[in-house]
Amino acid sequence: MTATLKNDDFGFFGEYGGTYSPEALMPILDELLAAFRAAEADPDFMQEYLSILANWGGRPTPLYYAGNLSRAYGADLYFKREDLMHGGAHKTNNAIGQVLLAKRMGKTRVIAETGAGQHGVATAMACAKLSMECVIYMGAVDVARQAPNVERMKLLGAEVIAVQSGGKTLKDAINDALRDWIATCETTSYVMGTVAGPHPFPTMVRKFQEVIGREARAQCLAQIGRLPDYALACVGGGSNAMGLFSGFMDDKDVQLIGVEPGGHGLDTDKHGAVLCKGVTAVLHGMKTLGLQDKDGQIFETHSISAGLDYPLIGPEHAYLRDTGRASYVAATDDEAVEALQIFTRAEGIIPALESSHAISYALKLAREQQGKIILVNLSGRGDKDLAHIQAYLAEKA
Amino acid sequence: MSRYSFITQKIKDGSHVYMPYVLLGYPDLETSYEVAKTLIENGAHGLELGFPFRDPVADGPVIEKAGNIALNNGFTVDAGFQLVARIRALSADVPLTLMLYYNMVLARGVDKFFADCKAAGIDGVLIPDMPPERADTVAPAAHANGIELVFIAAPTSTPERLQKIAAVAGGFVYVVTRMGTTGAVENYSDKLSALFASIKSHIDLPAIAGFGISTPDQARKMIGFGADGVITGSKIVDMTTNNMAEIAPHTKEMVGL
């Protein structure tokens, strides 16, 4: 169906992707795949999806020329304003698509994992709008560092389950959500928040995020009269990056760059830079890259931003890295916070800590590539991070 | 001749088999060795030996917690294989099935992993997150080393899926008799007779029931539904934690069913 990448219906991107799941889940994954293929081919379904994104979600989001920063850094910096999306991040694009699909499949209950809480909020919003029961799994550490989003989910009527196992972050939330799904799959849909997990999730989440790249490409042509030299996005699981990159995949002159969470630095063990430092791994239903020890035990990662704190990566990114179509770099916690402050004061927009990783690298790139056009996906707004940033800066002072 | 013929023959003779699960390294290597020894000495017909994994998505909270304790106490795959070899030395006949997640096979290297299995005396390997569609990635190495691949069948497995399993499965079929490990547990008991009948019509291997079975009563029910034998897992971990002395009488009772 998607012609841009080699992807037969076993869900492989080169050697990555596929379906590595317990037998109990395999029939339900087959059912989901068939339902998704039918829905994406159904003009009525896609029209309903796009219509909700427009009149409820606020699409299209603007392409913003950051004049102050462009003058200061010597390159033209454009930002795709996913922070203005209803809910405050790109996650809404995907959540509404998958919850619509769940409803079409006759499910009555939706479960989801969340890291920063943005996907949880987006799913809770979509469930409220489409009248579905909603349960969100969130690591206990993330519940503590993203309190405002927890309150938003509860207000929207979702049940939030604080996961106490492992490192109590996104990886553990996915483990428990998958277990719930095995037990409840007859009535329940699992709404995966990123381009990861067993087939069809990486393909399906990308499909529902492609609207970002499609709009951005058309806006570049309309507003600038040409395509950008670079398209940048932060990468945790990789959904906002896949959304942006998908619009430019066939435009070989547009360099695609993903920016990973460098944490305390790539020479430490406290980071989440899977594409920079990972090895082949199988977990959460997919073959991909992961950060792990020699026995295959997956590490707990570190990032200042909960939304990037994940030791695996969407399999299509692993494929894009290997084929050279995209390249991947990292920004540290310190660099992301510094970029957040610079951006906020220069442009009057508070970006999410996740997006600030991409901004940090964009500013570095602007200095090196004077006069070039750099497009950055501003994947979310930073209001949710205020308490965390204050605590971080107080500790540094 | 495969050691699994030992259980196949027992079933043909009209009895049922008990094949408990031991999480190696829990709470430490020596204690788990003692557990395996007690099970074998009290007549267990086969053992499932689990290598602990930090993210065991197909297991419940008891196994996950125990696995983390084992890893925190220093379990490594190297030590695990040494322990398997010591358990093999306890019995020349009892089939030993290693259960572990796909990533651990991949991390060791598929060829080296199955060569290590053979050297340690393993008869079969069950990888719960490897569906039959992906078996081609390990089957050549497994068969080159004489290792059977054991698969899971679930209440949701369709006839088409059972055929896929039948094409690659060896040893026995591990029948998951309930769905899920946490949350609302559906009661599938009304469907279990049909499930065992369906499995047996597609797969010519012993159908052994596992997951959520801990008492002789539950085991008898499974046998009534058509199971050729039962596996207990979390129950062994519980007894290891709380009262090791219970393991011997429990085993004797289960073996006698």
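Letters A, B, ... mirror the listed sequences (proteins, then strands); counts begin at 1. Given the structure is predicted, the values throughout are model-derived calculations rather than measurements.
- With hydrogens and angles disregarded, no donor-acceptor distance shorter than 3.5 Å links the side chain of Asn103(B) to the backbone of Leu283(A).
- Of the atoms belonging to Ser21(A), it is backbone heavy atoms, and not side-chain ones, that fall under 4.5 Å from chain B.
- Put simply, the side chain of Pro56(B) reaches to within 4.5 Å of the side chain of Arg179(A), judged on heavy atoms.
- Using a distance-only test at 3.5 Å, with no hydrogens or angles considered, no donor-acceptor pair links the side chain of Asn175(A) to the main chain of Val57(B).
- Contacts of Pro131(B) with chain A are made by both backbone and side-chain atoms, with heavy-atom separations under 4.5 Å.
- Residue Lys200(B) places its NZ atom among more than 12 non-hydrogen atoms of other residues, nucleotides or ligands, all under 6.0 Å distant.
- Atoms CG and NZ, from Asp78(B) and Lys294(A) in turn, are 4.5 Å apart once rounded to the nearest 0.5 Å.
- Of the atoms belonging to Arg54(B), heavy atoms from both backbone and side chain fall under 4.5 Å from chain A.
- Only the side chain of Pro132(B) comes within less than 4.5 Å of a heavy atom of chain A; its backbone N, CA, C and O stay farther away.
- Side chain of Gln297(A) to main chain of Thr76(B): no donor-acceptor pair is present (N/O by atom type, distance under 3.5 Å, no hydrogens or angles).
- Contact record, Ala24(A) with Ala154(B): CA-CB, 3.8 Å, taken as the closest heavy-atom pair.
- At a heavy-atom separation below 4.5 angstrom, chain A is approached by Ser157(B), Arg161(B), Ile165(B) within residues 157-166 of chain B.
- Looking at Glu23(A) and Phe151(B), their side chains never come closer than 4.5 Å, going by heavy atoms from C-beta outward.
- With rounding to the nearest 0.5 Å, the separation of CD in Glu186(A) from OG1 in Thr156(B) is 8.0 Å.
- The environment of Asp136(B) atom CG is dense: over 12 non-hydrogen atoms of other residues, nucleotides or ligands sit within 6.0 angstrom.
- Using modelled atom types, one side-chain atom of Asp295(A) and one backbone atom of Val77(B) make a donor-acceptor pair closer than 3.5 Å.
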Subject >> Evaluation steps, side-chain contact (heavy atoms from CB on, under 4.5 Å), between Glu133(B) and Thr19(A) >> reply: CA-CA 8 Å; Glu133(B) 288 90 336; Thr19(A) 311; over 6 Å; no
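- In this structure, CG in Leu106(B) is found 7.5 Å from CD in Gln292(A), a value given to the nearest 0.5 Å.
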